[in-house]
Structures are given as structure tokens and as C-alpha cells.
Amino acid sequence: MTTPSDGVLTGGHASDKAAPWPAYLTASVAWHAGAGVFAIAAPASWPWAVAAIAANHAALTAGGLWPRSRWLGSNWTRLPAHAAARREIGITIDDGPDPAVTPAVLDLLDAHPAKATFFCIGTEARAHPALCREIVRRGHSVQNHSDRHSPGFSLLGPKAMGREIAAAQASLAEITGELPRYFRAPAGLRNPFLAPVLQRLDLQLVSWTRRGFDTVRREPTDVLARLARGLAAGDILLAHDGNAARTQDGSPVLLAVLPELLARARSLGLVAVTLPASSLHSRSDDAVSPAEATASASP
Ligand SMILES: [Zn+2]
């Protein structure tokens, strides 16, 4: 495996992260213990203890079903502040690579020019490794979108969830030569077991600022309006090359939307960059943060 050319290795953003278990989960454990102690100390009040635990579980479930929540740990819904200050946006393209769509997406990105982040599925990357490499060769970034994109991803236990993400991580690193640093959950759905897995694999969870719903919406003007509404520096947009809905004339919606989206971004003075590029504190090599400098120097 070769070294990523931007000089920021996998550990470069580890210092941005907190403990493996987010504060909310630590508080949940304490909440359970407190409810147990309360029930033992005052047995007649046990229904209140049960209700307290049920309320806590409902909150954890809601946090997992809400893709943009931070209740279950760190979650990017926007680019870092220093990227927004540079007027950068992040276009993220999920569920590929798809030989029927991705090559045309790459051509459109080149024509504008713009860079994007492709959250690839492990099985699709293994089926189309050359296309996966082509994404990176054209200056874009390939990141982890799970190995199988299973609809039951958010129901997995800690071991199965770890295997699912690690398998994609290994395949994508072997195919592209670059170890992914960002993860997006299938459909954005999670459970409390995800945060420790991401911590162990040094992956940052990324959701989005807005999504186009372009796996189900077939009308390009509708998808464009959703993605471009209030478009501003620091936005992370979610679109799809894999599982893409088709327009009435049978073409993938993203191909119809992307030129106008990129034109609007440019008219606002916005620059579409990859997620790894957005995490750089400076464009110049002599101004990297101490954490990045340490990461770059490590073997
Ligand atoms: Zn997906």
C-alpha cells in the first residue's frame, strides 16, 4: 500500500476525537445504575426505575434514527470551520462505484473543475476495482460506506458492526492504496455500538448538511432544489452514483443535477473539495497543525 500523497495519514485527525464512548452513552450507563440503586433502595418505586430506563432507551434509539444527531458520538454535518472560512463545500457521492454512472460523474467533475468524496461500498469496490482506483487517480477521495450496505446495519451488534466496517476498510485500502478516514452509515442509521468501532478504526463519522433524495426522486429540478437550498460555505451535500434514481428519459438523476449544482456553487464563490482536503488546516505544507505534523512524521 502506498502512502497518501497529501501527507496527512490516518492518525491526523485522531486528536479531534473524544473518548471511545461519547458522554451521552457514559451518562446512559450511569442512568441505568442510578435507576437500579433507586429501585433497590425504594422497592415500591420500581415502576419509576423501569420508566426511567425505557425513556433512556427511547432517546438512544431516536439518536440512531436521526442521521444528523450527535447523541451517539461525533458526527460531521458540516465541514470544519477552517474549511468553511476558505469557502469550501463537500460534495459526497454514495453507494458506488457504479460503472453505469461513476465515469460520467468523474467527467462532469473534471469539466468544472471540482473534487468530490465517494463513499464506496466494499462489495461494489471489489466488483469494480479499476473504477475505484480511477476515482482516486482523478484527484477525488474514496471513503468507507460499509462492506455490504445492509438494510439491517443499524441492528448489528458490536462485533458484527466492527467486522462490516473493517472489511470495507481493508478492501478500499488495498484497492486504492489509501486508508479511508471517514465513514458514513448506510442510510445514515446507527446504534450505540458504532462510536467505539469508529474510534478503534480511527474513522470520523460524516453525515450531511442536506441531501437530494436522489435514490427515490426522479425529477432533477426537485433534487437540485433540495441540494442547493441555502447553499453556503461548509455545506456537506449527499448525492448518489450507486442506487441512483433515473429520470423520465432513463438517465441517472445525478448526471442531470451535477452541472447546474456545480455552476451555482461557483457563482457563489464556493470550491468543492474532498473531505481529507477540507480537514487540512492550511493549504501550505509549512503550516500544518502539530497533530498533522506528528502524523506525517510517524511511520
Ligand atoms: Zn448508502
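One-based numbering, in listed order, for ligands and for the atoms of each. Any value given below was found using the heavy atoms of this structure, including those in side chains, with hydrogens, waters and symmetry copies removed.
At a threshold of 2.8 Å, the Zn ion (ligand 1) has no backbone or side-chain N, O or S atom of Asp94 nearer than that distance. Counting backbone and side-chain atoms alike, His240 contributes no N/O/S atom closer than 2.8 Å to the Zn ion (ligand 1).
Arg181 and Ser141 share no donor-acceptor pair across their side chains, judged by distance under 3.5 Å alone. For the 3.5 Å distance criterion, the side chains of Asp241 and Thr102 qualify, holding a donor opposite an acceptor.
The N, O or S atom of Asp95 with the smallest distance to the Zn ion (ligand 1) is OD1. Among heteroatoms of the N, O or S kind in His149, NE2 lies nearest the Zn ion (ligand 1).
Residue Asp235 is tested with Arg87, Arg229, Arg78 for a salt bridge (charged side-chain N to carboxylate O under 4.0 Å, His left out); the sole match is Arg78.
Proximity of Phe153 to Leu194: side-chain heavy atoms (C-beta onward) are separated by under 4.5 Å at one or more points.
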